[in-house]
There are 2 protein chains.
Amino acid sequence: MTLSEENYLKAIFNLEEQTHKGVPTNAIAEMMETKASSATDMVKRLSEKDLLKYKPYQGTRLTPKGKSHAVKVIRKHRLWETFLVENLDFTWDEVHEVAEQLEHIQSDKLIHQLDKFLGYPKTDPHGDPIPDEEGNIAKIEKKVLAELQQEDEGVCVGVDDSSSAFLKYLDKLDISLGNKIKVIEKEAFDNSMVIQVEENTISISSLASKNIYVRKTS
Amino acid sequence: MTLSEENYLKAIFNLEEQTHKGVPTNAIAEMMETKASSATDMVKRLSEKDLLKYKPYQGTRLTPKGKSHAVKVIRKHRLWETFLVENLDFTWDEVHEVAEQLEHIQSDKLIHQLDKFLGYPKTDPHGDPIPDEEGNIAKIEKKVLAELQQEDEGVCVGVDDSSSAFLKYLDKLDISLGNKIKVIEKEAFDNSMVIQVEENTISISSLASKNIYVRKTS
DNA sequence: CTTAATTTTTAGACAAAACTAAAAATTTGT
DNA sequence: ACAAATTTTTAGTTTTGTCTAAAAATTAAG
Ligand SMILES: [Mn+2]
Ligand SMILES: [Mn+2]
Ligand SMILES: [Mn+2]
Ligand SMILES: [Mn+2]
């Protein structure tokens, strides 16, 4: 399995998770930041290797084999992200780029020992679940912050958008995983919110509140 | 700089260190376990990028730029090997293969932080010096064990042959870095030696004693 | 239900990195 | 010095992964 094949598998896995339908070639190309013709080529190659099912003009779907491989790459990605933050003083907005490379290192022992070294973490620095050695992914109970009502309380458990820009914005607002969040006010006009994060009271836009996940506590 | 280019640079660097002469194409091919024609192709590409000087039929020599890049890769390789042994319970014969992959990860911050995390180690698990951030490589004072005379004493500081087979053999004899070694007897007939390693007295072949480095202590 | 817009695929090229086979240059042996 | 052996380079293919341009299929609009 080449680096490029693994990146495509991961992209297709994520797209399939979101929509639960066959993934269009264009969607793959967009996620991979490449051209549709390149995506078609790759999809054919992966189909040849039984990693996905592909029929021209209909989307593609991963086979169990393809899914299993994608999950392994995701496991590695998230374990490495955890290592970078926990042990090498990376911030949560810096890890993705490096993990994107580290996820392709081939060594079962390496990843098994890394998991052990980290103390078998359940989630990565963005709150995403780390698949176990058998490929099981725990489902994290979460709601998007925008859906909470006035007076509702919750704990921040993840983000939808893991872009560096958004994560840095959250840092500036002092919002991080595990923080207690309470909705003080919802503005009907633009769907912005006034929320209390731990001690601080701040206002956030609708766009931001749609990208923050919470576990409701009341 | 691609993965393959980096591996060639490293190979050429090592060959040039040994002989201090222009490196023949065949030597490169042999070290890279490839064909001479492939080596020629690559050498041309690297020459194009000013990483080495190449004139057909005369050997190649790295430019300062090429040398500096090779040393960076070696630094990464040795830091990762150290991490694998110190933190992930790898043995010294298992690390090379994985480090061969990890050495190509591109991230200045990653390697800087890894170095810090490890406590700025001076040598890797095989006793080889770890280049510093500026590319300086400490010269380790060492002598090949075979050269010691009867009654001489020393400390094991490295190996010449880092192959898994040889390292496992050393493990079986309970020889590792830092061990006190004393020459009890030298057999003129086949150049084998009887040595005392810490508590144990063992006999080793000429071939083995030529691949063990010691720092003489008496 | 046709035409227009969009999506997807095909065809043809290109760069990186490898290979085999053959030619050319260099070195060695007598 | 000349032939033989060795080393090195060239020429021509192959595979992976990308691209542009053009053709074909599908979907959307009037
Ligand atoms: Mn990746
Ligand atoms: Mn993540
Ligand atoms: Mn390598
Ligand atoms: Mn080493």
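Quick note on labels: first sequence line is chain A, next is B, and so on, each numbered from 1.
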Subject >> Phosphate OP1/OP2 of C:dT10 contacted by A:K44 side-chain N/O (<4.0 Å) >> reply: yes
Original post:
Phosphate oxygens OP1/OP2 of D:dT9: is one of them under 4.0 Å from a side-chain N or O of B:T40?
Top reply: yes
Original post:
Of the nucleotides D:dT8, D:dC19, C:dT9, which one has an atom closest to the side chain of A:A36?
Top reply: C:dT9
Original post:
OP1 or OP2 of D:dC19 sitting under 4.0 Å from any side-chain N/O of A:S38?
Top reply: yes
**OP:** Starting at atom CD of A:E5, determine the distance to atom C1' of D:dT18, rounded to an integer number of angstrom.
**Re:** 14 Å
Original post:
Atom CE of A:M42 and atom P of D:dT16: how far apart are they, to the nearest Å?
Top reply: 10 Å
Subject >> D:dT18 base / A:S37 side chain donor-acceptor hit below 3.5 Å >> reply: no
**OP:** Output yes when at least one side-chain N/O atom of A:Y57 is less than 4.0 Å from OP1 or OP2 of D:dA23, else no.
**Re:** no
Original post:
What about the rings of A:H96 and A:H77, do their centers lie closer together than 6.0 Å?
Top reply: yes
Subject >> Any A:N26 side-chain nitrogen or oxygen under 4.0 Å from OP1 or OP2 of C:dT6 >> reply: no
Subject >> Sugar-phosphate only, base, or nothing, as touched by B:T25 at under 4.0 Å among non-hydrogen atoms >> reply: sugar-phosphate
Subject >> Pairwise side-chain contact, A:K76 with A:L102, heavy-atom cut-off 4.5 Å (strictly under) >> reply: no
**OP:** Return the value, rounded to whole Å, for the distance between atom OH of A:Y54 and atom C1' of C:dT9.
**Re:** 6 Å
Subject >> Geometric class of the B:F83/A:F83 ring pair [parallel <30°, tilted 30-60°, perpendicular >60°] >> reply: tilted
Original post:
Under 4.0 Å between a Lys/Arg side-chain N and an Asp/Glu carboxylate O for B:K10 and B:E103?
Top reply: yes
**OP:** Can you tell me the distance, in whole Å, between the CG atom of A:L3 and the P atom of C:dA17?
**Re:** 13 Å
Original post:
Can you check whether A:K35 has a side-chain N or O nearer than 4.0 Å to OP1 or OP2 of D:dT20?
Top reply: yes
Subject >> Between C:dC14 (C1') and B:R45 (CZ): distance, integer Å >> reply: 14 Å
**OP:** Report the distance from atom CD1 of B:I28 to atom C1' of C:dA18, rounded to the nearest whole Å.
**Re:** 16 Å
Original post:
Between A:H104 (NE2) and D:dT16 (C1'), how many Å, whole number?
Top reply: 15 Å
Subject >> Pair of N/O donor and acceptor under 3.5 Å linking D:dT16 base with A:S4 side chain >> reply: no
**OP:** Have a look at B:T34 and say if it touches a base, only the backbone sugar-phosphate, or nothing, with a 4.0 Å heavy-atom cut-off.
**Re:** sugar-phosphate
Subject >> Out of D:dC19, C:dT8, D:dT8, whichever nucleotide has its closest atom nearest the side chain of A:P24 >> reply: C:dT8
**OP:** Considering only NZ, NE, NH1 and NH2 on the basic side and carboxylate oxygens on the acidic side, decide whether B:R75 and B:D115 come within less than 4.0 Å.
**Re:** yes
Original post:
When the distance from CG of B:D41 to P of D:dT9 is rounded to whole Å, what number comes out?
Top reply: 10 Å
